[in-house]
Amino acid sequence: MFSSEPTPTPLDPSVPAIEVEHLTVSYGSVPALLDVSFAIPSGQLVGIIGPNGSGKSTLMKAILGFLRPDVGTIRIFGTPVERTRKLVAYVPQRGSVDWDFPVTVEDVAMMGRYGNIPWWQWGPSKEDREVVDEALSIVRMADLRKRQIGELSGGQQQRVFMARALAQGAKVVLLDEPFAGVDAATERAILNVLENAKQSGRTLVVVHHDLATAAEFFDAIILLKQRLFAYGTPLQILQPELLSEVYDGNVRAFEHLRNVLREKAK
Ligand code: ADP
Ligand code: MG
């Protein structure tokens with residue numbers, strides 16, 4: 001069965017990078033996501049914010065095509081996610097992977113190319129190497145390319161995963177809590193990497209816990225608690241009444257947030 005719709009080209013800026021329509025996902029009979037709809041334009045850095053258990057990881061897994069929705073559709077550049085998995089990549093949480101075997105930074109980034117190297121080819125082509133070089137420079141790991149992955153900090157390992165995702169050809173990269181438990185310098189470094197990837201035309205979706213920094217980090221924010229509560233610019237989303245509803249009146253974090261917004265408004 002073929003659809004009569006024309007297949008949109010991935011670079012058409014009018015086609016959303018991610019389009020989620022009426023998405024409901026359940027574990028057993030309990031819905032983790034209920035009737036969630038949104039569209040993320042290409043080339044944006046978007047944060048997914050919500051309390052624990054609000055369905056953030058479930059949403060990521062659905063966008064990756066790992067979970068089958070009860071209802072709803074997910075399209076990546078206009079094509080159902082089941083047929084475009086290669087365009088979407090995932091960067092796992094820091095320190096969630098143990099690297100005991102000796103591979104270098106460059107080896108891991110090259111793993112992103114394996115799907116592209118034909119079996120009859122002896123090794124990576126010039127193009128594969130160029131793609132890996134670009135990916136390593138976007139994540140600012142080119143200088144450490146010969147370093148063993150086991151010798152890297154958690155933050156650096158995460159950047160190598162990001163490089164692998166970019167080398168794979170992913171146009172959409174999903175990151176789960178990349179800022180959790182990092183110091184200010186690392187936070188800066190990660191933001192730089194995200195900005196670089198954005199400049200290179202990628203769309204980035206980041207699960208993020210900290211309301212206070214969300215306003216500074218993201219072009220747009222998805223506020224999630226089983227349902228989509230709001231989706232818009234930080235100024236539109238970070239309203240005390242709205243947040244109070246989603247976070248059950250736990251408004252202590254909002255004091256700092258108000259200051260951030262006041263600074264932004266100046
Ligand atoms: P978040 O990432 O926002 O903390 P999750 O997407 O992990 O939220 O979880 C959303 C809801 O789905 C929670 O109530 C959680 O307990 C439930 N859940 C998540 N994964 C599973 C699973 N594998 N089996 C059953 N329930 C799950
Ligand atoms: Mg989670």
Side-chain angles (χ1 to χ4, degrees), residues 18-40 44-74 76 81-82 85 88-98 154-155 157-159 161-162 165 170 172-182 186-187 190-191 194 203-215 217-218 220-232 234 237-239 242-254 257:
I18 304 173
E19 191 176 22
V20 170
E21 280 184 320
H22 301 297
L23 180 69
T24 296
V25 179
S26 302
Y27 297 103
S29 59
V30 186
L33 295 173
L34 201 56
D35 198 28
V36 170
S37 299
F38 60 87
I40 296 178
Q44 283 216 336
L45 172 52
V46 177
I48 301 179
I49 315 280
N52 264 333
S54 61
K56 303 182 296 293
S57 294
T58 301
L59 180 57
M60 280 208 163
K61 287 172 196 161
I63 295 172
L64 285 158
F66 292 167
L67 290 174
R68 187 183 289 276
D70 303 347
V71 184
T73 55
I74 300 166
I76 307 297
V81 65
E82 308 84 62
R85 286 209 194 152
V88 189
Y90 173 67
V91 176
Q93 259 179 298
R94 234 160 39 94
S96 60
V97 180
D98 258 331
Q157 286 180 352
Q158 202 179 37
R159 277 148 67 187
F161 276 109
M162 178 81 162
V172 175
V173 183
L174 311 179
L175 299 98
D176 206 346
E177 304 260 4
F179 299 102
V182 306
T186 308
E187 188 174 281
I190 297 170
L191 270 179
L194 295 177
T203 306
L204 300 132
V205 181
V206 180
V207 168
H208 187 59
H209 225 83
D210 183 17
L211 282 166
T213 51
F217 290 178
F218 304 117
I221 291 173
I222 288 172
L223 192 57
L224 192 72
K225 190 167 85 177
Q226 190 190 44
R227 293 172 181 276
L228 186 138
F229 272 66
Y231 172 35
I237 299 308
L238 300 177
Q239 304 292 339
L242 188 58
L243 293 176
S244 167
E245 194 182 342
V246 173
Y247 284 85
D248 294 330
N250 178 12
V251 289
R252 277 183 61 199
F254 302 165
L257 184 63

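Read the numbers this way: they start at 1 and go in the same order the structure lists the ligands and their atoms. All values below come from the heavy atoms of this structure, side chains included, with hydrogens, waters and symmetry mates left out.
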Heavy atom of the protein closest to atom 7 (O) of ligand 1 (residue, atom name, distance): S57 CB, 3.8 Å

N/O separation below 3.5 Å, G55 to ligand 1: yes

Atoms in ligand 1 flagged as close to N52, the criterion being non-hydrogen separation under 4.0 Å: 4 (O)

Closest approach of any protein heavy atom to atom 6 (O) of ligand 1, naming residue and atom: T58 OG1, 2.5 Å

Metal proximity, S57 vs the Mg ion (ligand 2), N/O/S cut-off 2.8 Å: yes

Exam field: side chain S54 to backbone Q226, donor-acceptor pair closer than 3.5 Å: no

Heavy-atom donor-acceptor pair, K56 side chain to G50 backbone, under 3.5 Å: yes

Contact check, side chains of V36 and L224, non-hydrogen atoms, under 4.5 Å: yes

Close side-chain approach of F179 to V206, heavy-atom, < 4.5 Å: yes

Any protein heavy atom nearer than 4.0 Å to atom 20 (N) of ligand 1: yes

Atom 22 (C) of ligand 1: nearest protein contact (heavy atom, Å): Y27 CD2, 3.4 Å

Expected output: side-chain E19 to main-chain F38 donor-acceptor under 3.5 Å: no

Atom 15 (C) of ligand 1 touched by protein (heavy atom, under 4.0 Å): no

Atom 10 (C) of ligand 1 - nearest protein heavy atom and its distance: G53 O, 3.4 Å

Any side-chain heavy-atom pair of F217 and L191 under 4.5 Å: yes

Exercise: do T24 and D35 side chains pair donor with acceptor under 3.5 Å: no

S54: numbered ligand 1 atoms lying under 4.0 Å from its heavy atoms: 1 (P), 3 (O), 8 (O)

